[in-house]
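Since the structure comes first, as structure tokens, the remarks are kept for the end.
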Amino acid sequence: MNYKTLKTDKLPELFDKIKKAGKTVLAPRKKGNKAFFSTFDSFDQITFDYVQSALSPKSVLFPRVEELLTYKNLDDSYSIKEPELKDEVVVFGMRPCDGIALDYLSDFFLKENPDKLLQDRKNNTTFISLACKKFDNDCFCTSVGSSPAETKGSDLCFTDMGNGSYYVEIVTDKGKKLVDAFPDLFADSKEMNKVEQLAKVPVRFDLKNITTKIPTVFETNIWLDQSLACIGCGACAYVCPTCSCFDIQDECNPKGGTRLRCWDACAFGQFTIHASGHNPREVQSNRWRNRVQHKFNYSVENLNTISCVGCGRCIRVCPAGMSIIEHLISVEEA
Amino acid sequence: MQELHNKIKSMLEGNSVALFIAYQKNSDGKITPTFITKPEQIKKAYYGDDCRQNLAVYVHKHEVKHFGKVGILANIYTLKALLQIYAENQFKDDYLKIVTVNPKGAVVEFANFQEVENYISENKPAPNPEYVAQVEKLSNLGREERWNYWLNELSTCIKCYACRAACPMCYCTKCTVESNQPQWISAPSHSLGNIEWHVMRAMHLAGRCIECNECARVCPMDIPLNLLTVKINEAIDTEFGQEAGTKGKLDFALSTFKVDDKENFIR
């Protein structure tokens with residue numbers, strides 16, 4: 001890996017130059033007390049005062065609704081047009097855990113049957129993570145095999161060293177390309193010890209115990225106990241950086257139409273309902289079990305990795321205050 | 001809290017309920033619902049001004065109904081929701097035992113919905129001044145500005161349906177948005193689909209919203225959805241003199257026909 005430094009007061013200039021080069025910059029902006037990745041006109045609109053963004057940067061690669069194709073009915077034939085994605089995007093300020101999630105998302109969409117749209121978006125986007133200096137009670141990255149020092153999945157990783165400069169780790173070629181484009185802003189650096197600067201997130205459970213245990217507790221009552229509070233919304237799945245389920249919707253009229261890919265969530269009763277009316281996940285406890293089993297069991301079977309990065313968003317957003325940390329501890333103790 | 005714990009204990013031991021739904025305060029200060037079926041769980045039950053979630057949402061839940069007789073610790077908005085749900089004929093007799101903690105801190109158990117109605121009329125919650133100010137601010141905008149405000153807010157909706165799930169009055173087993181034969185409204189969360197969804201939901205809550213503001217509290221995108229139904233309620237109250245969650249017997253403004261209606265077109 002190569003290393004650079006960037007003076008913190010040069011960040012606005014970096015963003016300006018990236019924008020002048022024709023790229024879109026997304027950075028956290030506050031709405032109320034939540035931070036959302038958003039475009040901005042001036043640097044003072046963005047915020048550094050957040051533990052975690054409310055939505056993950058997943059939506060940059062996998063938007064909540066996206067056009068797969070449009071078609072037109074002609075007199076005796078039809079025409080189909082697929083979208084061409086050319087916009088180049090730089091995402092700044094995601095947390096290191098989100099990088100790991102982006103890697104998972106890429107595996108999911110690209111490994112077996114590569115999804116062109118996601119591939120194009122990934123090629124066109126540079127993800128810059130900003131390592132965590134603080135954490136809250138819902139953060140548990142260190143319990144799921146990661147930490148605020150993680151660089152995997154980010155293109156560049158910035159750490160505020162507390163001395164007026166960012167320590168910049170160049171993780172990928174895409175990251176290197178961005179840094180190389182602005183040589184007057186970045187200075188060469190040797191490898192530094194950044195860990196002292198970072199949040200010390202406590203370990204809450206033993207992951208090995210959970211991945212070993214979870215396939216054996218499928219037919220137990222713990223899912224009902226855990227999910228009585230679940231009100232069956234999709235908030236946890238939609239803020240989750242790795243949840244990748246989608247629904248296909250066609251919007252059409254006799255002249256033509258559009259095929260859309262939209263987020264979907266296994267917490268919804270309609271998610272598994274069959275055309276016959278039969279629903280194999282008839283009650284919320286079945287649906288909740290699926291969510292936890294997917295993250296810590298099925299993902300391991302399918303993609304050889306768990307699909308939870310410990311970002312804590314599902315806990316912060318849950319209308320009923322459910323905590324996956326507590327639920328995993330109850331699996332460990334079951 | 002001891003009086004509350006004793007009450008739950010006597011209800012469980014006397015077999016008057018098999019499940020008691022209450023609040024608990026976790027070590028990090030977060031308030032969550034708790035589902036008490038065993039005596040050793042009773043000590044978790046908590047009540048305070050910080051108990052915001054409207055627990056009435058659980059009375060419709062399949063797994064909760066499965067317990068048979070259910071007890072519920074209700075804040076004033078949960079009481080209003082339960083009374084409105086009762087007015088809409090959604091309860092079997094004897095399904096629910098309702099308990100609240102009154103402003104003096106005493107535990108009150110209701111024998112029937114008439115008592116709930118009386119309690120609500122004596123303990124009517126004051127409108128939240130923050131929401132009153134927001135509604136007033138929006139009402140004073142021009143029509144176009146107001147439309148743009150909502151276009152902008154609703155464009156951020158991700159359609160996670162937390163607003164619907166957290167709403168005690170959204171208890172349909174199949175929501176209009178889920179109907180695909182015919183598809184009444186657009187399912188994707190693009191701007192049009194979002195507007196159709198929220199306008200439809202607000203209309204279905206006209207005169208039924210009990211103003212617990214849960215929809216706004218739970219929204220991951222912080223959209224002030226409650227302002228829509230609060231404003232519609234204002235109109236229903238002015239035009240039809242009806243207020244949701246205050247009476248056990250209601251003439252429903254939007255599903256009742258009167259021959260002496262003041263509008264000509266309807267006669």
Side-chain angles (χ1 to χ4, degrees), chain A residues 30-34 36 38 54-55 59 63-67 136-138 223-239 247-251 258 260-265 267-270 273 282-286 288 313-323 326, chain B residues 19 21 23-24 26-35 37 52-55 57-58 60-64 66-67 153 156-168 170 173-175 177-180 183 186-194 214-215 217-224:
Chain A
K30 277 269 169 92
K31 183 191 178 191
N33 51 20
K34 292 177 181 166
F36 295 95
S38 173
L55 285 188
S59 50
R64 66 178 204 246
V65 48
E66 68 181 322
E67 204 177 288
D136 66 16
N137 201 40
D138 303 326
W223 312 109
L224 176 65
D225 294 344
Q226 292 179 2
S227 70
L228 271 174
C230 179
I231 57 174
C233 72
C236 51
Y238 287 5
V239 299
D247 179 30
I248 305 281
Q249 290 276 331
D250 285 344
E251 299 200 320
T258 310
L260 300 166
R261 172 158 70 192
C262 317
W263 288 353
D264 204 349
F268 296 144
Q270 238 197 359
I273 200 157
E282 204 178 1
V283 289
Q284 208 57 36
S285 49
N286 297 161
W288 177 250
R313 288 187 180 91
C314 55
I315 309 173
R316 290 181 204 101
V317 81
C318 181
M322 287 167 67
S323 163
E326 285 167 24
Chain B
L19 167 71
I21 308 172
Y23 299 97
Q24 73 177 53
N26 297 309
S27 54
D28 60 354
K30 209 185 257 182
I31 312 287
T32 56
T34 190
F35 297 82
T37 53
R52 285 194 59 191
Q53 191 186 355
N54 196 324
L55 298 183
V57 77
Y58 294 112
H60 309 297
K61 191 170 167 167
H62 177 90
E63 289 103 318
V64 168
H66 196 72
F67 280 91
E153 284 289 342
T156 64
C157 170
I158 55 177
K159 278 200 172 167
C160 67
Y161 301 120
C163 46
R164 177 184 69 183
C167 175
C170 267
T173 45
K174 190 170 184 185
C175 177
V177 74
E178 277 156 3
S179 167
N180 52 8
Q183 183 152 7
S186 204
S189 66
H190 46 44
S191 286
L192 176 67
N194 288 347
E214 278 286 274
C215 47
R217 178 185 71 87
V218 302
C219 179
M221 306 307 287
D222 280 355
I223 305 172

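All chains are named by letter (A, B, ...) in the order of the sequence lines, taking the proteins before the strands, and each is independently numbered beginning at 1. These numbers come from the heavy atoms of this one structure, side chains and all, not from hydrogens, waters or symmetry mates.
- Note on Leu228(A), Val317(A), Val65(A), Asp264(A): by heavy-atom pairs under 4.5 Å with chain B, the leading option is Leu228(A).
- Under 3.5 Å, the side chains of Gln249(A) and His190(B) contain no donor-acceptor pair of N or O atoms.
- Only the side chain of Cys262(A) comes within contact range of chain B, with at least one heavy atom under 4.5 Å from a heavy atom of that chain.
- For Ser285(A), the parts lying under 4.5 angstrom from a heavy atom of chain B are both the backbone and the side chain.
- Only the side chain of Leu260(A) has a heavy atom closer than 4.5 Å to any heavy atom of chain B.
- Most heavy-atom pairs under 4.5 Å with chain A, from the set Asn26(B), Ile158(B), Val218(B): that is Ile158(B).
- Interface residue Ile315(A): backbone and side-chain heavy atoms are both found under 4.5 Å from chain B.
- Ala265(A) does not touch chain B: none of its heavy atoms, backbone or side chain, sits under 4.5 Å away.
- Under the 6.0 Å cut-off for aromatic ring centres, Phe35(B) and Phe67(B) do not qualify, their centroids lying 6.0 Å or more apart.
- Interface remark: Asp138(A) contributes side-chain atoms only to the contact with chain B (heavy atom separation under 4.5 Å).
- For Gln270(A), the side chain to side chain donor-acceptor pair (under 3.5 Å) test picks out no residue, with sequence neighbours left out.
- For Gln284(A), the parts sitting under 4.5 Å from any heavy atom of chain B are the backbone and the side chain alike.
- The residue among Leu55(B), Thr34(B), Thr156(B), Ile21(B) with the most heavy atom pairs within less than 4.5 Å of chain A is Thr156(B).
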